[in-house]
Amino acid sequence: MKTLERLVAERLLKIKAVKLQPANPFTWASGWKSPIYNDNRKTLSYPGIRSFIKLELARTISEKYENADAIAGVATGAIAQGALVADLLGLPFVYIRSTPKDHGLENLIEGELKPGSKVVIVEDLVSTGGSSLKAVQAVRNFGCDVVGMVAIFTYGFPVAIEAFKEAKVTLTTLSNYDAVLEEAVRTDYIDESEIAILQEWRKDPGKWNPLI
């Protein structure tokens, strides 16, 4: 019987929300060369997968954070998924901008959030953890307690694991890089001989050179 992380990985690969190209790497906005590209917003276009992810995120929150007062989505990728989850759980929803608005009230948090609330943050993807933890700090600065974060996918970078540990934030994800690699090998999406390259990239993605 497949684990949840393998079931999610299978779906992400099926709709090409995750693409693996170790022989022809992608270039991220940061300039990093990467054998993987992830766009979880694609899941919103597939009702069955969208619902599956919504249900599993909601179930995770219900089991781990039954005392949650509100759900916060990280802009922009997790706004829709966070709103779907909040609706299912019957909880208030807000979203967190990456930067404050440059007009009006200059809000960083959009929506109605009561100070002192216990908040679960929903994220679509965790890479280095920088933007995710910036959202955590915004909620904390507002006077709320971040009880945890749930996300669809994480690369599992050592730098991110350490950053979450330092920030004292518990991260729970539906799937991860290892599960995607396992599923990709099982379905012949990639060859087992490519696993070493893919694992090497994750150790230090900023310095990874596909030509070596």
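With contacts defined as side-chain heavy-atom distances shorter than 4.5 Å, the pair V119/V147 does not qualify. Within the 4.5 Å cutoff, the side chain of I121 has no heavy atoms near those of the Y95 side chain. In this structure, E123 and T173 have side chains that are not in contact, with every pair of non-hydrogen atoms separated by 4.5 Å or more. Looking only at side-chain heavy atoms (C-beta outward), C144 and L113 come within less than 4.5 Å of each other. E63 has its side chain out of reach of T172: every pair of non-hydrogen atoms, C-beta onward, lies at least 4.5 Å apart. Side-chain contact between V8 and E56 is absent, with no heavy atoms from C-beta onward closer than 4.5 Å. At a threshold of 4.5 Å between non-hydrogen side-chain atoms, the residues Q21 and I190 do not count as touching. Residues V74 and S132 are not in side-chain contact: their nearest non-hydrogen atoms beyond the backbone lie 4.5 Å or more apart.
Across every non-hydrogen atom of R186 and E183, the tightest pair is NH2-OE2, 2.5 Å. For I36 against Y155, the heavy-atom pair with the smallest separation is CG2-CE2, 3.6 Å. Across A167 and L133, no two heavy atoms sit closer than the pair CB-CD2, 3.9 Å. Smallest separation of non-hydrogen atoms from W32 and P205: CZ3-CG, 3.5 Å. Smallest separation of non-hydrogen atoms from P35 and P22: CB-CA, 3.7 Å. The nearest pair of heavy atoms linking A160 to S127 is CB-O, 3.2 Å.
Between the side chain of D191 and the main chain of E194, no donor-acceptor pair closer than 3.5 Å is present. At distances below 3.5 Å, not a single donor-acceptor pair connects side-chain atoms of S51 with backbone N or O atoms of P47. The main-chain N or O of L198 is found under 3.5 Å from a side-chain atom of Y177 such that the two form a donor-acceptor pair. Looking at D69, its side chain does come within 3.5 Å of a backbone N or O of K118 through a donor-acceptor pair. Listed for the R97 side chain is no donor-acceptor partner under 3.5 Å among the backbone atoms of L108.
Rounding to the nearest 0.5 Å places CG of D124 at 7.5 Å from OG1 of T76. N24 contributes atom CG, which lies 9.0 Å from atom NZ of K33 (distance to the nearest 0.5 angstrom). Distance check: T154 OG1 to F164 CZ gives 7.5 Å after rounding to the nearest 0.5 Å. Summarising the geometry, atom OG belonging to S117 is positioned 9.5 Å from atom CG belonging to D145; distances are rounded to the nearest 0.5 Å. Separating the CD atom in E10 from the OG atom in S175 is a distance of 10.5 Å, to the nearest 0.5 Å. Rounding to the nearest 0.5 angstrom, the gap separating the NZ atom in K16 from the OH atom in Y189 is 7.0 Å.
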- Message: Applying side-chain contact (heavy atoms from CB on, under 4.5 Å) to R6 and T3, what does each step give before you reach the verdict?
- Response: CA-CA 5 Å; R6 288 282 292 272; T3 60; 3.3 Å; yes
- Query: What do the steps show when you test L84 against L44 for side-chain contact (heavy atoms from CB on, under 4.5 Å), and what is the final call?
  - Reply: CA-CA 10 Å; L84 288 167; L44 297 168; 4.2 Å; yes
- For R202 and D178, run salt bridge (charged side-chain N to carboxylate O under 4.0 Å, His left out): C-alpha distance rounded to whole Å, both residues' side-chain angles, the deciding distance at 0.1 Å, then the answer. CA-CA 10 Å; R202 184 170 60 177; D178 290 330; 2.8 Å; yes
- Message: Set out, in order, the CA-CA distance, both residues' side-chain angles and the distance that settles side-chain contact (heavy atoms from CB on, under 4.5 Å) for F153 and N40, then state yes or no.
- Response: CA-CA 8 Å; F153 186 79; N40 290 322; 3.9 Å; yes
- F26 and L20: CA distance, side-chain angles, deciding distance, side-chain contact (heavy atoms from CB on, under 4.5 Å) verdict: CA-CA 9 Å; F26 301 95; L20 294 166; over 6 Å; no
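At a threshold of 4.5 Å between side-chain heavy atoms, the hydrophobic network of Ile, Leu, Val, Met, Phe, Trp and Tyr places L7 and V185 in one connected group. L12 and L171 are assigned to two separate hydrophobic clusters, defined by single-linkage of ILVMFWY side chains at heavy-atom distances under 4.5 Å. Under the 4.5 Å side-chain heavy-atom criterion for Ile, Leu, Val, Met, Phe, Trp and Tyr, I61 and I152 are members of the same hydrophobic cluster. The hydrophobic clustering, which links ILVMFWY residues whose side-chain heavy atoms are closer than 4.5 Å, places I197 and V180 together. In terms of hydrophobic clustering, with Ile, Leu, Val, Met, Phe, Trp and Tyr side chains grouped at heavy-atom distances under 4.5 Å, L13 and I15 are assigned to a common cluster.
Between K134 and S98, the side chains place no donor N or O within less than 3.5 Å of an acceptor N or O (distance only, hydrogens not considered).
T43 pairs with exactly one of K54, Q81, R11 by the side-chain contact (heavy atoms from CB on, under 4.5 Å) rule, that one being Q81.
Every residue two or more places apart in sequence or in another chain was checked for a ring-ring contact (aromatic ring centres under 6.0 Å, His included) with F93, and none qualifies. Listed by chain and number, the residues in a side chain to side chain contact (heavy atoms under 4.5 Å, CB included) with N141 are Q137 (sequence neighbours excluded).
Residues W28 and W201 place their aromatic rings such that the two centres sit under 6.0 Å apart.
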